[in-house]
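Right, one structure below, let's go through it.
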Number of protein chains: 2
Amino acid sequence: MSQAKSAEPRPYHHGDLRNALVDAARRLLEAEGPSALSLRAVAREAGVSPAAPYHHFKDKAELLDAVAHEGWHTLNTQMAQAKSEDGGALTGLGIAYVCFAHENPALYRVMYDAVREKEALPEDMQDNKDSAYCLVRDTLIEHGADPAAETHLELATIAAWCGAHGLAEMSGFKQFQHLKDELGGEREFLAAVLGHMGLFTK
Amino acid sequence: MSQAKSAEPRPYHHGDLRNALVDAARRLLEAEGPSALSLRAVAREAGVSPAAPYHHFKDKAELLDAVAHEGWHTLNTQMAQAKSEDGGALTGLGIAYVCFAHENPALYRVMYDAVREKEALPEDMQDNKDSAYCLVRDTLIEHGADPAAETHLELATIAAWCGAHGLAEMSGFKQFQHLKDELGGEREFLAAVLGHMGLFTK
DNA sequence: CAAGATATCTGTACAGCGCTTAGATGTGAA
DNA sequence: TTCACATCTAAGCGCTGTACAGATATCTTG
């Protein structure tokens, strides 16, 4: 494992240990998976003692929250990019969402583990202009949803998100491989399933 | 915690420890949540030594698999019941699915944790006549899907399942409370979101 | 019924975990 | 310069999953 970046004998005070810990956690997560992500391992990876993280995070959950926060941020920007590239079709957003989950499986899991613990939407997804949630809602409006029918709009956004999250967790199943082969690829499979959700038509 | 059922000093050989362990696990899961479900706690609850479970399960994951297996079985039967009671509407199945997840949150989580580990559908959900998967597929046929269009049918079933799973994980969010109030209840909220998924119309 | 093979369970131990506490070390303000 | 404060280390607690050797009960075979 990469032991931080430099070989010089780190000064007693790290300088920016908080960020270093979050980075180390992401590195470990990617390399070893979520089950290997112990606080102690993160501290080792960052080159500090096992107790050091407690001066920056209340407990392990709070460190994972910080990792998840970065994850939501990345997801938001990737979906915004997908929207601009794809001409703004809802299916494109759905595929971008699922692809993010596939490309960062461990991170995606940490993101939703945190969310399940709190039983609440992460702040990064709430009524923040840059959130993927709002991106989806705006896209629905562009495709004809009535912006005045707030409840309707909110329900539709939730439905789309539920479908995308479900697909993100399911589409990796081995049992679906034959469908991907049949349809000519992963993306085609995703688009087909999303298409069957109604909301994602077109 | 209830220390098994009887006060008599259990014979050296338990008789049916395997099932006793699975039951103990379910009891703990319900009472204390998934984070409290350690192998050692399960052994304590069943009144045996920490090493005893290893004669019946390869490791902790295999015990959780057994718990998950029971969970899938329960889910299948509850959905079959919902179908017979509800006149066979797809929305009823979706609501039954989500309600199961809400009534057994810890169990539902164990079920999907196992699934994520394996990246495969649980056996109990595959092409077994009693599976909820087949129940949904048959319901789609009853509502007009062409049984000969196998790919189409499979995609639609997957889409429905993805939507239901997503909703099961999302619908507990505090942020959606105002929608439940507005719509007159939890079930109405669920039905409304499912309705927006297209597949679940009627 | 005797005897040994086998299945099941216990006791003990190890390394790793999250977290706490006490004390060491560096930093910045008075 | 001094002292308060932020940051880090070292040591340790109780927990975990798991391995292994040995105890105990049951089953099989004679």
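Chain letters run A, B, ... following the sequence lines, proteins first, then strands; residues in each count from 1.
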Exercise. Please give, in whole Å, the distance from D:dG12 P to A:R40 CZ?
Worked result: 13 Å
For this session: Find the bend of the helix from C:dC1-D:dG30 to C:dA30-D:dT1 as the angle between its two terminal axes (five pairs each), to the nearest 10°.
Result: 0°
For this session: Output every pair passing ring pair (Phe, Tyr, Trp, His ring centres under 6.0 Å) with a member in residues 60-84 of chain B, not counting sequence neighbours, ordered by first then second residue.
Result: B:W72-B:Y112
Seminar exercise, completed: Note: for A:S38 and A:K58 on DNA chain C, the residue whose nearest nucleotide lies more 5' is A:S38
Exercise. What pairs meet the side-chain hydrogen bond (donor to acceptor under 3.5 Å, both in side chains) rule with one or both residues in residues 59-68 of chain B, with sequence neighbours excluded?
Worked result: B:D65-B:K118
Exercise. Nearest-Å distance, OH (B:Y54) to C1' (C:dT12)?
Worked result: 15 Å
Problem set entry | B:F200/B:V193 under side chain to side chain contact (heavy atoms under 4.5 Å, CB included): CA gap, chis, key distance, verdict | CA-CA 9 Å; B:F200 289 88; B:V193 177; over 6 Å; no
Exercise. Could you state the interatomic distance from CD (B:E154) to CZ (B:R137), rounded to the nearest 0.5 Å?
Worked result: 8.0 Å
Seminar exercise, completed: Nearest-nucleotide check on DNA chain C, B:A52 vs A:P50; residue mapping nearer the 5' end is B:A52
For this session: Figure out the CG/C1' separation between A:L21 and D:dC8, and round it to whole Å.
Result: 12 Å
Exercise. Between B:H56 and C:dA7, is there a side-chain N or O to OP1/OP2 distance below 4.0 Å?
Worked result: no
Problem set entry | Separation of atom CG in B:D59 from atom P in C:dG16, rounded to whole Å | 19 Å
Seminar exercise, completed: When rounded to whole Å, the CZ to P distance for the pair A:R44 and C:dA15 reads 14 Å
Problem set entry | Residue A:L17, side-chain heavy atoms: nucleotide from C:dG18, C:dC9, D:dC8 that is nearest | D:dC8
Exercise. Between D:dA19 atom P and B:K60 atom NZ, what is the distance in whole Å?
Worked result: 15 Å
Exercise. Between B:E70 and B:D23, is any pair of side-chain heavy atoms under 4.5 Å apart?
Worked result: yes
For this session: Starting from P on C:dC17, measure out to CG on B:L39 and report it in whole angstrom.
Result: 18 Å
For this session: Please lay out, stage by stage, how A:R116 and B:E169 fare under the test salt bridge (charged side-chain N to carboxylate O under 4.0 Å, His left out).
Result: CA-CA 8 Å; A:R116 271 186 285 259; B:E169 293 216 315; 2.6 Å; yes
Exercise. Between C:dT10 and B:H55, is there an OP1 or OP2 to side-chain N/O distance shorter than 4.0 Å?
Worked result: no
Problem set entry | Under 4.0 angstrom between A:S49 side-chain N/O and D:dC8 OP1 or OP2 | no
Problem set entry | Gap between atoms CZ and P, on A:F57 and C:dG18 respectively (whole Å) | 14 Å
Problem set entry | Donor-acceptor pair under 3.5 Å, A:R18 side chain vs D:dT7 base | no
Exercise. Would you say the side-chain atoms of A:N76 pair up with the backbone N or O of A:D124, donor to acceptor, closer than 3.5 Å?
Worked result: yes
